[in-house]
Colleague: 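Supplied in structure tokens, the structure appears directly below.
Just the heavy atoms: all of them, side chains too, but no hydrogens, waters or symmetry mates, feed the values below. Letters go in sequence order (proteins before strands), and every chain restarts at 1.
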Amino acid sequence: GENVEQHPSTLSVQEGDSAVIKCTYSDSASNYFPWYKQELGKGPQLIIDIRSNVGEKKDQRIAVTLNKTAKHFSLHITETQPEDSAVYFCAAHRMSGTSYGKLTFGQGTILTVHP
Amino acid sequence: DVKVTQSSRYLVKRTGEKVFLECVQDMDHENMFWYRQDPGLGLRLIYFSYDVKMKEKGDIPEGYSVSREKKERFSLILESASTNQTSMYLCASSLENIGTAGVDEQYFGPGTRLTVT
């Protein structure tokens with residue numbers, strides 16, 4: 001089955017700096033890669049996703065890049081703000097007839113943005 | 001807005017007790033999922049359901065069972081709780097995954113922190 005590795009496990013940055021979280025996946029047939037943000041006391045929430053026919057996607061201060069050859073994808077947050085502090089999860093999905101939208105998640109990254 | 005609710009935010013049970021965790025979604029989603037979240041291990045899929053009365057095992061189903069009698073409700077059952085089941089349990093739902101149209105976003109509930117003593 002799919003295996004997703006996420007690094008680093010913790011990341012501490014100063015407000016205004018950039019933050020990068022990286023994930024690798026094992027199943028070359030995976031074709032959908034979402035990123036979820038979990039704030040304290042809440043469930044994870046989708047912030048951005050990318051499909052395998054796209055190399056990069058941006059949404060304001062957040063961007064995701066995908067390298068299919070190397071089987072890795074990354075989340076980039078620019079101009080970080082204290083409200084970006086949260087746990088971030090990457091995930092991978094392989095489209096198949098019976099996949100039912102199942103995701104395999106990475107281990108999570110605790111991002112702390114210091115004012 | 002999609003809303004996924006879980007019956008309890010915090011739960012304390014004794015070893016050997018039967019435990020029910022309830023999840024309800026209000027968006028008529030076909031797919032529902034149960035995960036457990038542990039530090040350093042991320043979210044691991046326990047069971048999922050793609051239709052009423054239909055269920056499939058996830059990656060870590062041992063010690064758990066599920067029930068889906070109505071489309072909006074998905075229950076996780078710990079038949080005989082053990083201390084290694086102390087964890088955060090998250091329920092999620094999503095629309096049906098239709099062919100090559102892509103996979104839909106999963107919407108998560110707030111979680112139930114279960115402690116088994």
Colleague: Say whether A:S12 and A:H114, considering side chains only, have a donor N or O and an acceptor N or O under 3.5 Å apart.
Modeller: yes
Colleague: Checking B:K71 against B:E30 for the salt bridge (charged side-chain N to carboxylate O under 4.0 Å, His left out) test, could you report, in this order, the C-alpha distance in whole Å, the side-chain angles of both residues, the deciding distance, and whether it holds?
Modeller: CA-CA 7 Å; B:K71 190 174 185 180; B:E30 288 80 12; 3.7 Å; yes
Colleague: Verify whether one side chain among B:Q106 and B:S93 offers a donor that lies under 3.5 Å from an acceptor in the other.
Modeller: no
Colleague: Can you tell me which of A:A91, A:P34, A:P44 forms the most heavy-atom pairs within a distance under 4.5 Å of chain B?
Modeller: A:P44
Colleague: Give, as side chain, backbone, both or neither, the part of A:Q6 having an atom under 4.5 angstrom from any heavy atom of chain B.
Modeller: neither
Colleague: Do we see a donor-acceptor contact under 3.5 Å between the side chains of B:S75 and B:E22?
Modeller: yes
Colleague: Below 4.5 Å from any heavy atom of chain A, which atoms of B:Q37 appear? Answer side chain, backbone, both or neither.
Modeller: side chain
Colleague: Which region of B:R9, side chain (C-beta onward) or backbone (N, CA, C, O), has a non-hydrogen atom less than 4.5 Å from a non-hydrogen atom of chain A, or is it both or neither?
Modeller: side chain
Colleague: Is the CD atom of A:Q60 crowded by more than 12 outside heavy atoms at less than 6.0 Å?
Modeller: no
Colleague: Select one option (side chain, backbone, both, neither) describing which atoms of B:L43 are under 4.5 Å from chain A's heavy atoms.
Modeller: both
